[in-house]
Amino acid sequence: MNGDEIFQLAGAQRARELLARFAGASRLDCYLGPLEAAELAGFLAGLERKRGRQLRIIANITNENLDAAKQLMRRSDLHHADGVAGSFCIADGSEYLCYLEGAKRRALYSAHEPFVRMQQFLFDSLLDRAIPAKDKVKEIERGTQAEYIETVRDPAEILGLATKLVRSAAFEILVLFSTINSFYRAESDGLLDLLGMASDSGVSVKVLIKVDDENMKDASKQKTKQKHDSINVSFIRQSLRTKITTFVIDQSFSLAIEVNDDAKKDFAEATGLATHSNSESTVFTYYSMFENLWMQAEVERQSSARQAYFHMFKGQKMKDETYRRDWKQEG
């Protein structure tokens, strides 16, 4: 076939050239074998983020390669399929690279249009039957650990646990600060920086802050946007029953931290007990609470925007004006 080539993988300059060309592609579709063994996994792990690139991956996610899968989830639209074997990649629907099994570790490259189109159809069919990686990750994490709800008393341990959970996130972090001071303490202790790093790496980070007035809102928003513009921040004025800072990680883990003395600037002095859980019902409760408050915050934001809009024209005397235009064309 025209444009096809089989070459030795180890030390092949041609292979490196092809991978470099694929790195600049606008769309990459990859079907990966064992994540820890396939050369394509290493290629994707080092793939720089490119704005607008569509990166879709199908892999067999297991407990053994869970950490590798979480890393790929941050960079791509990852799906799970059972029984994945072999590895191939399609760039922009026009170039195909497949790693062949065997002792000689060879690779096949093709730019033959009918052949690549057939492989693209195969990938799309496999993708339709695959499941989102986040669903498989939740299934594995819940299956390998018994459900627990534990109480943590030591503030240093609580802060370390919050840090660990944020760093472990694969696709989503939700954080509710029930007081503005709890937000400032998190910023002082480096949690805001960790949230920003997670967001920059591809994790969806949503932060909800309880504020009492516009000055609080503007100050916290400016502080967040100056350092981490990628974090999605919203604000709510609705009174909350309890002063608790809540983390929900990947819809699988929750950490609820009591605020004992909100006037204290030090995390240890301000913090009470914390509850850490992977119980599906507990996590879902906190997740639902956050999403409901987030929607209410959006309603408040839209209401404030409407009020500001009407205030702009309040008191202004508007008059009807008639404009005429001569549509006759000059000869």
Side-chain angles (χ1 to χ4, degrees), residues 45 49 66-75 78 133-134 137-138 140-142 144-145 148-210 220-221 223-234 243-259 266-268 270-279 282-287 289-291 293-294:
R49 221 170 252 288
L66 188 61
D67 290 339
K70 286 185 175 182
Q71 291 298 319
L72 286 179
M73 286 177 68
R74 296 185 174 196
R75 298 176 172 86
L78 180 64
K134 66 179 183 180
V137 168
K138 287 189 292 183
I140 292 174
E141 290 181 331
R142 287 173 179 164
T144 56
Q145 293 181 333
Y148 61 82
I149 300 176
E150 61 179 6
T151 300
V152 187
R153 301 177 182 276
D154 181 23
E157 185 179 350
I158 294 172
L159 184 58
L161 185 56
T163 299
K164 179 182 178 181
L165 287 172
V166 169
R167 286 176 172 167
S168 70
F171 60 90
E172 183 181 66
I173 301 173
L174 309 178
V175 188
L176 168 63
F177 293 107
S178 58
T179 70
I180 192 66
N181 287 336
S182 61
F183 167 77
Y184 288 138
R185 284 189 293 270
E187 194 272 337
S188 177
D189 289 322
L191 284 176
L192 189 60
D193 288 334
L194 289 178
L195 293 172
M197 291 170 60
S199 182
D200 291 339
S201 68
V203 177
S204 172
V205 179
K206 295 165 71 174
V207 173
L208 187 58
I209 306 172
K210 166 69 171 67
S220 55
K221 187 172 184 179
K223 183 180 287 290
T224 305
K225 293 301 180 182
Q226 280 179 346
K227 300 181 68 174
H228 305 291
D229 190 55
S230 57
I231 296 178
N232 194 359
V233 183
S234 194
K243 293 181 179 180
I244 296 179
T245 298
T246 307
F247 293 80
V248 181
I249 309 297
D250 291 341
Q251 302 173 27
S252 299
F253 302 95
S254 65
L255 178 65
I257 307 171
E258 294 180 357
V259 179
D266 183 72
F267 180 85
T271 300
L273 301 178
T275 303
H276 174 221
S277 179
N278 72 341
S279 166
T282 302
V283 174
F284 180 74
T285 297
Y286 285 120
Y287 177 84
M289 177 190 69
F290 183 94
E291 289 297 330
L293 291 174
W294 186 270

Residues in side-chain hydrogen bond (donor to acceptor under 3.5 Å, both in side chains) contact with Lys70, at least two apart in sequence or another chain: Glu141
Rounded to the nearest 0.5 Å, the CZ atom of Arg74 sits from the CG atom of Asp200 at a distance of 10.5 Å
With side chain to side chain contact (heavy atoms under 4.5 Å, CB included) as the criterion, how do Met289 and Val248 come out once you've worked through the C-alpha distance, each side chain's angles and the decisive distance to 0.1 Å? CA-CA 11 Å; Met289 177 190 69; Val248 181; over 6 Å; no
Separation between CD1 of Ile173 and CG of Asn232, rounded to the nearest 0.5 Å: 13.0 Å
Salt bridge (charged side-chain N to carboxylate O under 4.0 Å, His left out) partners of Lys206, counting only residues at least two apart: Glu291
Distance from Asp67 atom CG to Ser168 atom OG, nearest 0.5 Å? 9.5 Å
Can you sort out the partners of Asn278 under side-chain hydrogen bond (donor to acceptor under 3.5 Å, both in side chains), two or more places apart, ordered by chain and number? none
Taking only residues two or more places apart in sequence, or in another chain, which ones meet Lys134 in a salt bridge (charged side-chain N to carboxylate O under 4.0 Å, His left out)? none
Sequence neighbours left out, what passes ring-ring contact (aromatic ring centres under 6.0 Å, His included) with Phe247? Give chain and number order. none
Can you find a heavy atom in the side chain of Leu176 that is under 4.5 Å from one in the side chain of Trp294? no
If we ignore hydrogens and angles and just use 3.5 Å, is the side chain of Ser188 paired with the main-chain N or O of Tyr184 as donor and acceptor? no
side-chain contact (heavy atoms from CB on, under 4.5 Å) with Leu255: which of Ile244, Ile249, Leu165? Leu165
To the nearest 0.5 Å, what is the distance between OG on Ser178 and NZ on Lys243? 8.0 Å
Sorted by first residue and then second, give each side chain to side chain donor-acceptor pair (under 3.5 Å) pair with at least one member in residues 244-256; sequence neighbours left out. Lys138-Gln251, Glu172-Gln251
Just by distance, do the side chain of Asp266 and the backbone of Ala268 share a donor-acceptor pair under 3.5 Å? yes
Spacing of CZ belonging to Phe290 relative to CG belonging to Leu174, to within rounding of 0.5 Å: 4.5 Å
Show me, pair by pair, the donor-acceptor contacts under 3.5 angstrom made by side chains of residues 270-277, not counting sequence neighbours?
unit_1, atom_1, unit_2, atom_2, d
Thr271, OG1, Phe267, O, 2.6
His276, ND1, Glu150, OE2, 2.7
His276, NE2, Tyr148, OH, 3.4
Ser277, OG, Tyr148, O, 2.8
Ser277, OG, Ser279, N, 2.9

What is the distance from atom CG of Asp189 to atom CG of Leu194, rounded to the nearest 0.5 Å? 10.5 Å
ring-ring contact (aromatic ring centres under 6.0 Å, His included) filter on Tyr287, not counting sequence neighbours, yields none
Can you sort out the partners of Glu157 under salt bridge (charged side-chain N to carboxylate O under 4.0 Å, His left out), two or more places apart, ordered by chain and number? none
side-chain contact (heavy atoms from CB on, under 4.5 Å) partner of Arg185, the single match among Leu159, Leu191, Thr179: Thr179
Around atom CE of Met197, are there more than 12 heavy atoms of other residues, nucleotides or ligands at under 6.0 Å? no
